[in-house]
Amino acid sequence: MNSARVKKFYYLMKLGREFELAAKREYMKGNIAGFLHLDIGQEAVSVGTMQAFDKGDVFTHYREHVLAIARGMEPKHIMAELFGKKTGVSKGKGGSMHLFEPKLDFYGGDAIVAGHLPIATGCAYARKIQGENAGVFAIFGDGASNAGAFFESINIASAWKLPIIFFVENNYYAIGTHISWVSPFVELYNKAKNYMPSKRINGMDVCEVYNAVMEAKEHIENGLGPYFIEAETYRYEGHSMSDAGKYRSEEEIEIFKRRDPIENLKKKALELGIVDEKYFQEADAKVEKVVNEAVEFAASSPEPEDYELFEDVFCKECENALP
Amino acid sequence: MNSARVKKFYYLMKLGREFELAAKREYMKGNIAGFLHLDIGQEAVSVGTMQAFDKGDVFTHYREHVLAIARGMEPKHIMAELFGKKTGVSKGKGGSMHLFEPKLDFYGGDAIVAGHLPIATGCAYARKIQGENAGVFAIFGDGASNAGAFFESINIASAWKLPIIFFVENNYYAIGTHISWVSPFVELYNKAKNYMPSKRINGMDVCEVYNAVMEAKEHIENGLGPYFIEAETYRYEGHSMSDAGKYRSEEEIEIFKRRDPIENLKKKALELGIVDEKYFQEADAKVEKVVNEAVEFAASSPEPEDYELFEDVFCKECENALP
Amino acid sequence: MLYREALNKAIDESMAADESVVILGEDVGRYGGSYRVSEGLFSKYGEKRVIDTPIAELSIVGNAIGMAIAGLRPIAEIMTVNFSLLAMDQIINHAAKFRYMSGGKMTIPLTIRMPGGVSRQLAAQHSENYETLYSSIPGLIVLAASNATYAYYGLKSAIFLNDPVVFLEHELLYPMEMEFKELKNFDPFKAEIVKEGKDLTIITYLKMRYDVLEAEKELRKAGIDVEIIDLNSLRPLDIETIANSIKKTKKCVIVEEDHKTGGMGAEIVAQIQEKCFYDLDAPVLRIAGEDVPIPYNRKLELLSIPTPDKIVKKILKWKAENGI
Amino acid sequence: MLYREALNKAIDESMAADESVVILGEDVGRYGGSYRVSEGLFSKYGEKRVIDTPIAELSIVGNAIGMAIAGLRPIAEIMTVNFSLLAMDQIINHAAKFRYMSGGKMTIPLTIRMPGGVSRQLAAQHSENYETLYSSIPGLIVLAASNATYAYYGLKSAIFLNDPVVFLEHELLYPMEMEFKELKNFDPFKAEIVKEGKDLTIITYLKMRYDVLEAEKELRKAGIDVEIIDLNSLRPLDIETIANSIKKTKKCVIVEEDHKTGGMGAEIVAQIQEKCFYDLDAPVLRIAGEDVPIPYNRKLELLSIPTPDKIVKKILKWKAENGI
Ligand SMILES: Cc1ncc(C[n+]2csc(CCOP(=O)(O)OP(=O)(O)O)c2C)c(N)n1
Ligand SMILES: Cc1ncc(C[n+]2csc(CCOP(=O)(O)OP(=O)(O)O)c2C)c(N)n1
Ligand SMILES: [Mg+2]
Ligand SMILES: [Mg+2]
């Protein structure tokens with residue numbers, strides 16, 4: 001455990017958590033609408049992966065705020081997007097599920113379960129022939145691991161030895177469906193292990209996540225083909241704001257809360273004496289400030305203009321060519 | 001090797017072979033059109049599987065004449081279908097790729113690669129809850145083993161322990177694409193072995209095919225869930241009549257022709273003395289007669305009537321209800 | 001009765017009446033359906049007949065076709081119409097064609113339910129009306145339930161028809177309290193004359209029915225006596241009812257939520273001009289969604305689809321322009 | 001030049017000119033394409049840029065989108081349009097929407113080529129025209145090449161446009177020898193006036209162009225001076241060219257191979273009556289495929305689609321019925 005790294009992990013996880021708690025509040029107030037999927041409980045995955053996979057292309061699904069923050073997107077631009085504002089990362093047209101930032105090689109924000117996996121795989125193909133070995137990181141849920149798009153992707157990535165990390169966040173549920181009802185096994189790395197190196201890790205421990213992705217990254221960078229990681233994790237909240245998550249027992253939720261990635265990192269760091277209490281206080285204060293600013297920024301930002309409805313269907317050049 | 005069984009195998013394989021050679025001739029004459037996919041070289045699979053799997057539901061793809069014959073469909077009704085005649089199994093509306101006979105629990109005849117696999121899987125689900133343990137037999141090609149529909153099916157069949165045999169005819173090619181270019185492994189049972197008992201067999205040997213399916217049948221009948229068989233086989237002809245098959249070397253084709261399922265069965269049976277030469281002569285004569293009759297029947301059958309164009313879109317009851 | 005309760009009642013009674021009726025889809029079982037349509041059915045009929053599936057739409061429909069072949073009457077629920085694109089091959093290449101290409105030997109008694117439409121800020125991948133993707137396909141029946149009565153009777157008909165039916169529902173209707181009418185005779189393919197009128201025919205379906213009803217109040221104030229037709233069935237189309245109305249009113253407006261280009265309105269206009277060319281006083285007006293993916297922002301979202309206010313304004317403008 | 005050679009030339013020259021152009025699909029590489037469109041490219045550009053894919057259409061398009069995001073200009077070949085149903089989710093929910101839902105940040109320079117149409121006795125699962133499944137989708141451009149000239153210039157445009165293009169080809173055209181015209185100015189979105197005439201406008205596209213040209217000879221004998229318009233672009237639709245023609249001829253017929261209900265003709269009629277209501281002397285006549293899956297038997301197959309003979313008969317009947 002390296003002090004600087006632990007600090008970074010803590011700060012980003014805390015920022016993610018508070019950002020989402022704020023989003024939840026704003027949703028209740030009616031400032032955010034549509035589907036809002038919270039990552040609360042899963043921050044070790046979002047932060048650990050993005051800290052390790054710091055170059056290369058990232059493809060993700062709709063439960064993505066913390067991933068986007070950990071990738072370097074500005075919280076205020078994300079919050080503004082949730083508010084549907086012109087200053088949002090997708091100009092208010094995408095909302096919570098569709099955060100895109102090509103400048104950070106961060107490509108959404110896909111709300112079709114497993115739909116981003118063939119895209120990520122194709123991107124990995126391109127990177128391979130372009131000779132860019134940083135490769136691709138594709139993250140998805142347990143539910144996605146039953147979709148044809150998932151299977152085609154691991155088959156192709158393996159056949160063509162593509163530089164891509166498949167990372168499944170196994171939080172056991174796809175909305176209200178437990179993975180054990182719809183998959184022959186709950187340990188999902190079994191789906192990939194005939195195709196590529198595959199392992200299961202503790203997704204509630206940010207250091208373990210970080211180390212696993214570092215290892216995977218080395219593998220793909222060395223041209224050894226794809227790599228598969230399954231992280232056990234848990235969302236404390238319902239699937240989205242429209243789901244109370246009542247299908248899970250209080251005990252089950254409690255078990256995972258005891259493994260809380262943020263609290264446990266802090267405890268361990270204090271115990272080991274690598275980070276002092278003061279840092280955590282400062283970090284928390286900074287988080288509060290950043291989150292508050294993000295909400296203020298979002299609240300005070302303008303709505304998109306009416307004419308924007310018709311923009312961005314095509315690129316400008318095409319729009320001009322069209323009759 | 002049981003004499004009666006060997007005779008049956010020989011007769012059906014020979015019938016299949018000669019039926020297809022006749023179909024090829026008729027195609028060249030212009031009596032058959034569209035896509036015609038010949039099974040020549042693969043008869044051990046078509047006959048061995050159908051002789052073993054004698055109850056239960058069968059789902060197959062477009063390369064299906066011999067399978068249909070081995071299932072018990074009348075050659076003349078198949079040939080008539082190839083001719084597009086009213087007396088064809090699908091009234092001339094389906095053609096070579098779409099042979100259906102619910103009375104024999106034979107359900108096509110699907111020309112969308114892997115498209116029949118989810119259907120077969122759903123049928124197996126129904127059979128399970130209906131308490132019919134004969135289950136389902138689904139046969140497909142190596143090319144199909146890369147499709148999302150295939151993967152979803154093995155995942156679901158395994159998760160729900162459905163009574164279904166997945167049987168892949170690995171003839172190494174999907175039209176002109178070699179399986180090694182598009183799959184991480186050529187031995188396709190690797191795709192299923194984490195999900196269900198899976199084995200690879202010699203698909204040029206009808207007895208081996210028969211025995212493997214008998215074993216699989218017992219497995220599914222006992223409620224032990226799905227079973228996967230990969231049979232190595234080879235088509236001597238091009239993919240369809242519109243493909244010369246030039247992408248394969250003469251040597252490769254020769255190697256497989258030396259393993260010809262019909263010739264080798266005959267040779268072995270004669271060597272072992274379980275069937276005598278006379279039987280083979282009689283069988284060949286009977287085959288010739290049946291095939292000739294099939295062609296004559298097809299040739300002399302009437303075309304569908306014009307009004308039939310509009311029939312069979314819906315069932316009668318619906319048609320009547322529709323405005 | 002809530003709209004979703006009417007659907008639930010139709011499924012429940014069908015399952016009670018006929019053992020072969022089963023329902024499958026994502027979260028339809030223990031969870032009760034993401035819009036609560038299948039609530040209570042899992043505990044009543046058990047896991048064999050109320051089937052929680054993986055997220056694999058191609059298989060949901062494919063499996064259902066296989067069940068239908070085996071003699072069941074499956075109701076496949078696609079969580080929303082947006083995901084049905086993944087099942088398109090099974091719906092179009094298989095369900096819709098098996099009967100024909102087998103010369104009538106195969107029978108596929110299958111119902112595919114799909115919630116759809118522009119709900120509230122669900123953005124481009126969750127806000128579509130794909131009805132013409134299905135209503136253009138021979139071999140499919142496409143029904144669209146705008147109200148509790150049709151939801152109940154229409155869905156029951158779909159379940160017991162021996163051919164594949166795509167059954168469309170609108171997400172905003174589920175929690176709506178609606179009048180339920182007991183019917184003696186029911187024809188799922190017949191359009192409903194929601195309101196009679198003599199000046200102008202408005203054709204609509206699904207959620208737009210309610211926007212049209214709102215708009216009608218304003219139009220009435222402007223002295224226009226509107227006849228409102230709710231299609232109910234999108235394929236086949238009840239062109240008789242439409243044509244009879246136009247013969248009377250001589251003027252027609254179509255209101256649909258779907259994108260205008262290639263929407264249902266196009267086919268309706270085409271059939272109208274075939275049947276009523278000489279009756280029309282003015283071109284048929286299509287009021288439809290804009291030709292853009294649906295944006296998240298609420299203001300833009302509302303700009304992208306018809307609203308009562310816009311319907312009124314567009315009709316008045318069209319009348320003025322055509323001097324009618 | 002053969003039609004397929006024109007396509008090949010467009011791809012070849014694009015690949016030579018720009019390293020980022022790649023082509024992927026089933027059998028496009030070593031085999032040369034099932035209709036020989038990509039013949040010679042594998043040996044010229046190598047396996048990195050000419051990519052033989054597994055039979056996994058969802059991935060073919062999905063992979064191509066990923067390549068486009070990475071800065072390549074992929075040409076995805078779907079072996080025939082029938083299989084594109086498996087890729088529908090990637091085409092519609094992803095390729096067509098990414099730009100919009102990212103507020104313009106994502107750019108998807110993607111061409112999806114699809115042979116299609118009723119060829120010869122390929123039966124229901126291999127004989128479709130699914131153009132309206134794509135032409136109804138905002139965010140897509142849909143081009144349809146009926147001839148070598150448009151095949152060449154249109155495909156080149158598609159490859160270098162920065163938005164997703166569905167590029168439709170017809171299977172019966174590949175081996176046809178056609179005149180090739182060198183063009184100075186080319187607009188992929190402009191319809192072609194194939195023949196000028198003053199009595200009647202016939203709108204068509206893809207293979208039906210040739211059936212219409214055949215029919216025209218007969219119609220000329222009957223004293224009818226036909227104007228023929230080949231659409232070239234199905235989305236956007238060049239309604240200007242259509243409207244100008246109708247203003248002159250006052251009469252319009254649409255000939256399409258696709259099933260009539262919900263086909264391209266529907267949208268064209270709808271736009272025509274919006275633009276030219278007061279110009280028309282008679283209802284627009286749609287001559288189209290029958291609303292049945294395509295049968296295998298040749299006689300029935302021909303009955304299911306327009307032929308020159310049927311086109312002539314239907315036009316004469318329609319003229320008589322409308323007294324024009
Ligand atoms: C193809 C598709 N089918 C269904 C849905 C509806 N849906 C949205 S999220 C979800 C559950 C996904 O679960 P999982 O992959 O485990 O991810 P998690 O939400 O647990 O992070 C479902 C079914 C969808 N968005 N896309
Ligand atoms: C979904 C789909 N994609 C493409 C095709 C075109 N096609 C027909 S057969 C075939 C090859 C199939 O190969 P395989 O599964 O190995 O079976 P085989 O022909 O060798 O028996 C292809 C690509 C198709 N019919 N369906
Ligand atoms: Mg999950
Ligand atoms: Mg093969």
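The analysis underlying the following values was restricted to heavy atoms, covering all of them including side chains, and did not include hydrogens, waters or symmetry mates. These numbers were taken from a predicted model, which means no experiment stands behind them. Lettering of chains follows the sequences in order, A, B, ..., and the numbering in each one begins at 1.
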Should the heavy atoms of other residues, nucleotides or ligands under 6.0 Å from CD of B:E319 be counted, would the total exceed 12?
-> yes

Got a second to check how far C:M101's CE is from B:M97's CE, nearest 0.5 Å?
-> 8.0 Å

Is chain C contacted by the side chain of B:Q130, its backbone, both, or neither, given a heavy-atom distance below 4.5 Å?
-> side chain

Using a 4.5 Å cut-off on heavy atoms from C-beta on, say whether the side chain of C:P54 contacts that of B:I156.
-> yes

Chain C contact via B:L162 - which portion, at a heavy-atom distance below 4.5 Å | neither

Portion of B:L322 that has a non-hydrogen atom of chain C nearer than 4.5 angstrom = both

In terms of heavy-atom pairs under 4.5 Å with chain B, the winner among C:L24, C:I69, C:I60 is C:I69

Side chain from CB out, backbone as N, CA, C, O: work out which of these in C:S20 comes under 4.5 Å of a heavy atom of chain B, or both, or neither.
-> neither

Which one of C:S102, C:G104, C:P109, C:S233 has the most heavy-atom pairs closer than 4.5 Å to chain B?
-> C:S102

Do C:R99 and B:C315 have side-chain heavy atoms sitting under 4.5 Å apart?
-> yes

Residue C:K248 excluded, over 12 heavy atoms near NZ under 6.0 Å | yes

Stepwise side chain to side chain contact (heavy atoms under 4.5 Å, CB included) test for B:I129 and C:L72 = CA-CA 10 Å; B:I129 69 167; C:L72 302 182; 4.0 Å; yes

Worked check of side chain to side chain contact (heavy atoms under 4.5 Å, CB included) between C:Y100 and B:L309 = CA-CA 9 Å; C:Y100 196 82; B:L309 177 66; 3.5 Å; yes

Answer with side chain, backbone, both or neither: which region of C:N93 has an atom nearer than 4.5 Å to a non-hydrogen atom of chain B?
-> side chain

Chain B: which of C:A56, C:S157, C:G103, C:P138 shares the most heavy-atom pairs with it under 4.5 Å?
-> C:G103

Interface moiety of C:I239 toward chain B, non-hydrogen atoms closer than 4.5 Å | neither

Using non-hydrogen atoms only, which part of C:V22 is less than 4.5 Å away from chain B: side chain, backbone, both, or neither?
-> side chain

Ranked by heavy-atom pairs below 4.5 Å to chain C, first place among B:E132, B:H98, B:H116 goes to B:H98

Between B:N155, B:D110, B:L99, which shows the greatest number of heavy-atom pairs under 4.5 Å with chain C?
-> B:D110

Are any of the side-chain heavy atoms of C:M106 and B:P102 separated by less than 4.5 Å?
-> yes

Stepwise side chain to side chain contact (heavy atoms under 4.5 Å, CB included) test for C:Q90 and B:I119 = CA-CA 9 Å; C:Q90 287 295 335; B:I119 300 176; 3.4 Å; yes

What part of B:A124 is in contact with chain C, defined as an atom under 4.5 angstrom from a non-hydrogen atom: side chain, backbone, both or neither?
-> neither

Start with the C-alpha gap between C:F98 and B:F100, add the side-chain angles, then the distance that decides, and say whether ring pair (Phe, Tyr, Trp, His ring centres under 6.0 Å) holds.
-> CA-CA 9 Å; C:F98 265 27; B:F100 289 89; 5.3 Å; yes

Measure the spacing between CD of C:E47 and CH2 of B:W160 and express it to the nearest 0.5 Å.
-> 10.5 Å

Is a side-chain N or O of C:D163 found less than 3.5 angstrom from the main chain of B:F314, in a donor-acceptor match?
-> no

CA sep, side-chain torsions, deciding dist, call: B:C318, C:I141, side chain to side chain contact (heavy atoms under 4.5 Å, CB included) = CA-CA 10 Å; B:C318 265; C:I141 289 167; 4.1 Å; yes

Answer with side chain, backbone, both or neither: which region of B:A120 has an atom nearer than 4.5 Å to a non-hydrogen atom of chain C?
-> neither

If you count the non-hydrogen atoms of other residues, nucleotides and ligands that lie under 6.0 Å from CD in B:E221, is the total more than 12?
-> yes

Kindly check if the number of other-residue, nucleotide or ligand heavy atoms within 6.0 Å of NZ (B:K55) is above 12?
-> no

Please examine the side chains of C:I51 and B:Y125, heavy atoms only from C-beta on, and report whether any two atoms are closer than 4.5 Å.
-> yes

Highest number of heavy-atom pairs under 4.5 Å with chain C: which of B:E317, B:E101, B:E152, B:K128?
-> B:E152

Measure the spacing between CG of C:N63 and OG of B:S153 and express it to the nearest 0.5 Å.
-> 7.0 Å

Look at B:K93, B:E81, B:K316, B:K103 and state which one has the largest set of heavy-atom pairs under 4.5 Å with chain C.
-> B:K93

Part of B:E308 lying under 4.5 Å from any heavy atom of chain C = backbone

Contacting region of B:V89 [heavy-atom separation from chain C under 4.5 Å] = both

In Å and rounded to the nearest 0.5 Å, what is the NZ to OG distance from C:K105 to B:S90?
-> 6.0 Å

